[in-house]
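Computed over heavy atoms, backbone and side chain alike; hydrogens, waters and symmetry mates excluded. Each residue takes its place number in the sequence, starting with 1. From a predicted model like this one, the values you see are computed outputs, not experimental measurements.
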Amino acid sequence: MAQREDIRNVAIIAHVDHGKTTLVDQMLRQSGTFRENEQVQERVMDSNDLERERGITILSKNTSIHYKGTKINIVDTPGHADFGGEVERILMMVDGVLLLVDAFEGCMPQTRFVLQKALNLKKKVLVVINKIDRPGARPEQVVDETLDLFIELGADDDQLEFPVVYASARDGYSSLEPDAREGDMRPLLDSLLENIAPPEGDIDGPLQILFSSLDYDDYIGRIGIGRVERGRIRRGEPVVLCKTDGERENVKISRLYQFEGLRRVETEEAKMGDIVCVSGLANLNIGETACDPENVEPLPFIKIDEPTISMNFIVNDSPFAGSEGKFVTSRNIRDRLFKEVETNVSMRVEETETTDTFKVSGRGELHLSILIETMRRQGYEFQVSRPKVIYKHENGKLLEPIELLIIEVPEAYVGAVIEKLGARKGELENMGVRDGGATHLEFKIPARGLIGYRSEFMTDTNGNGIMNQLFSGYEEYKGDITERERGSIVAFEAGVSTGYGLFNTQERGRMFIGPGVEVYEGMIVGECAKNEDIVCNVCKKKQLTNTRAAGSDEALRLIPHTVLSLEQSMEFIKDDELLEITPKSLRLRKRILSKEQRLKQEHRKK
């Protein structure tokens, strides 16, 4: 077994917003990857619009830097548990991980999630305490908390002896001492070379490449990204592709790339330990192995966690269907969803009994909402149903997904949070007080109990609370949970909303639209203050007469309406409601638009 001292493969794992992508920026800058006069935007690794807007990493990405004659392949992984499918398979490509922890916040739920995966795979961990210059930073305590987390997650003795580097990614310096306030990234890079093991394997043996990621190019088609586990690979070479279902296919490597900085650079040859991109494998899927035709030995692939939440994607059949979207037919939607599954390993798409409905399952609401937002930006128009959790049956028992919910709120709001979560079958597991006075709460709660809770939480805490959730596992069904307690305000007829109509409706509840908005019968225009649906005429116009009386023409003062985001809209809808999604609009509606038909349906149920 040979070691390649000229290469290191490392993944960066962290909780959302702990500075992971900013740290990669600085490593790229200080290693000379960019020209001196090159204009480079911030968070260069967050390449798509959604990642930039939300400040989170959604897709894992590869880059590389050269330092002291060693090529360091860096993989930036998502920090959110909903994109866990990305994290798990990326760890297969690397020999060690940089665990980034905020010097103020400490270990958060997603830190626990990604670290557990790395420890299970016996990866060497280098801990980086980031944001040491932040007011209220407590680096020494955070190191102790990180050690506690390692012990809790069952790390072995070797993993518990983790090296620690202190850094400020924003200001571009690192140090082995927590009180440093200047310098550069060399201490971190030196520590990385020293502690992360080089790839080990048989360079002259028969070829094996394990594909952990997929990309797509409009010109060259599907691209497989993986690590050369054994041997060498050359451009134009024939290989045998070992499929996950046991089949074998003879294919040819048409093009071979390696990562240099942020670019894919074509190369003639790669060898054991290199992370490569390969084109020419049309039917490639994640988890498959390319082998030498003379020695076919497929590698085992990690089992990826199953989806926990599903939604129906339905062809839009509202009165406004086709007026704003470019792709509206069931064939368009079907093709797009099945294309997503090719690269998004933790998502499932199933066809249903009807041709216009597709069941899509993912790891959480955020996982599904990112897909919805991406599709609407690409010009798709469709409807979605309310998210539902995926149950399991084992030994005659009904099991449901349970989430670990971690909340930090000022003391004044603790009572309201515990009361609300208790009604949603949440069980308080842990409670403590942080240095800044915030109360730290840990709950175990059914995943269905969290659907629709985030917006209530923001209201109950006046926006001062932080909540993070993490999939804990499946447990026995916890019993019924009361759903949304308020009804909907539904439009009576098609038309354009008027100030007069809204003025007479706003005392019934919270409005979601303002004047001058086109509506149709059955469209939801607000939330009723009572637990019942009411139908209101928001298009009503004032009678134009020439009689006037003192005081009858009071000014129409409209209360500002609430604009729901995509996630809030998904959480708001009930089982008999749908969310209509177009490139320009989000509209809530009843499944059955006609009031008479809805009443008949309710009568039949009784």
Side-chain angles (χ1 to χ4, degrees), residues 50 53-54 56 82 309 311-314 316 318-320 324-325 362 364-377 380-388 420 448 450-463 465 467 469 483-491 496-497 501-502 505-536 538 558-591 593:
L50 273 176
E53 284 168 28
R54 294 172 182 242
I56 61 173
D82 279 16
I309 281 189
M311 296 175 84
N312 285 337
F313 281 51
I314 307 163
N316 190 10
S318 83
F320 295 167
E324 294 176 356
E365 280 180 281
L366 182 64
H367 192 198
L368 292 169
S369 74
I370 292 292
L371 171 64
I372 292 169
E373 183 64 37
T374 306
M375 285 177 66
R376 72 180 285 223
R377 290 183 185 205
Y380 287 84
E381 183 178 307
F382 53 98
Q383 301 176 132
V384 294
S385 66
R386 185 178 189 223
K388 289 190 173 178
K420 280 280 173 70
R448 61 197 164 95
L450 286 176
I451 295 175
Y453 176 64
R454 193 173 290 271
S455 51
E456 277 187 42
F457 173 73
M458 296 312 284
T459 306
D460 291 343
T461 62
N462 287 339
M467 72 178 259
Q469 66 200 73
E483 295 183 355
R484 192 180 93 213
E485 293 177 354
R486 295 183 176 182
S488 302
I489 301 173
V490 185
V496 178
S497 60
L502 291 169
T505 307
Q506 65 185 9
E507 62 195 34
R508 305 289 192 91
R510 178 170 64 132
M511 302 307 298
F512 295 153
I513 64 166
V517 176
E518 281 195 75
V519 299
Y520 52 79
E521 182 188 3
M523 182 170 148
I524 296 168
V525 294
E527 181 183 43
C528 181
K530 297 180 181 176
N531 189 9
E532 60 181 357
D533 293 341
I534 57 169
V535 178
C536 292
V538 291
L558 293 180
I559 299 166
H561 62 280
T562 304
V563 179
L564 296 182
S565 68
L566 174 60
E567 278 90 356
Q568 288 171 326
S569 302
M570 286 164 58
E571 290 175 348
F572 179 83
I573 53 178
K574 289 185 176 178
D575 289 337
D576 66 334
E577 296 167 350
L578 296 171
L579 171 60
E580 180 187 349
I581 290 153
T582 76
K584 295 179 183 174
S585 316
L586 296 173
R587 299 186 190 97
L588 302 164
R589 53 159 286 186
K590 287 289 182 185
R591 273 184 192 267
L593 296 177

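Taking each heavy atom of P515 and L502 in turn, the nearest pair found is N-CD1, 3.3 Å. The minimum heavy-atom distance between L586 and S565, with the atom names listed, is CD1-C, 4.2 Å. Between K574 and N531, the closest heavy-atom pair is NZ-OD1, 4.2 Å. Residues E527 and F572 share a closest heavy-atom pair of OE2-CE1, 3.7 Å. Of all heavy-atom pairs spanning S369 and M570, the tightest one is CB-SD, 3.7 Å.
Ring geometry, F320 versus Y520: the interplanar angle exceeds 60°, so the pair is classed perpendicular (tilted spans 30 to 60°).
The backbone N or O of I559 sits less than 3.5 Å from a side-chain atom of Q506, completing a donor-acceptor pair. The closest donor-acceptor contact from the side chain of S497 to the backbone of G516 lies under 3.5 Å.
Side-chain atoms of S569 and L588, non-hydrogen and from C-beta on, do get closer than 4.5 Å to each other. With contacts defined as side-chain heavy-atom distances shorter than 4.5 Å, the pair T582/R587 qualifies. Under the 4.5 Å side-chain criterion, counting only non-hydrogen atoms from C-beta, F382 is in contact with I372. Taking the side chain as every heavy atom from C-beta outward, R486 and C528 never approach each other to under 4.5 Å.
In this view, N312 satisfies the side chain to side chain donor-acceptor pair (under 3.5 Å) rule with no residue, not counting sequence neighbours. The side chain to side chain donor-acceptor pair (under 3.5 Å) test applied to R589 returns D317, Q383, not counting sequence neighbours.
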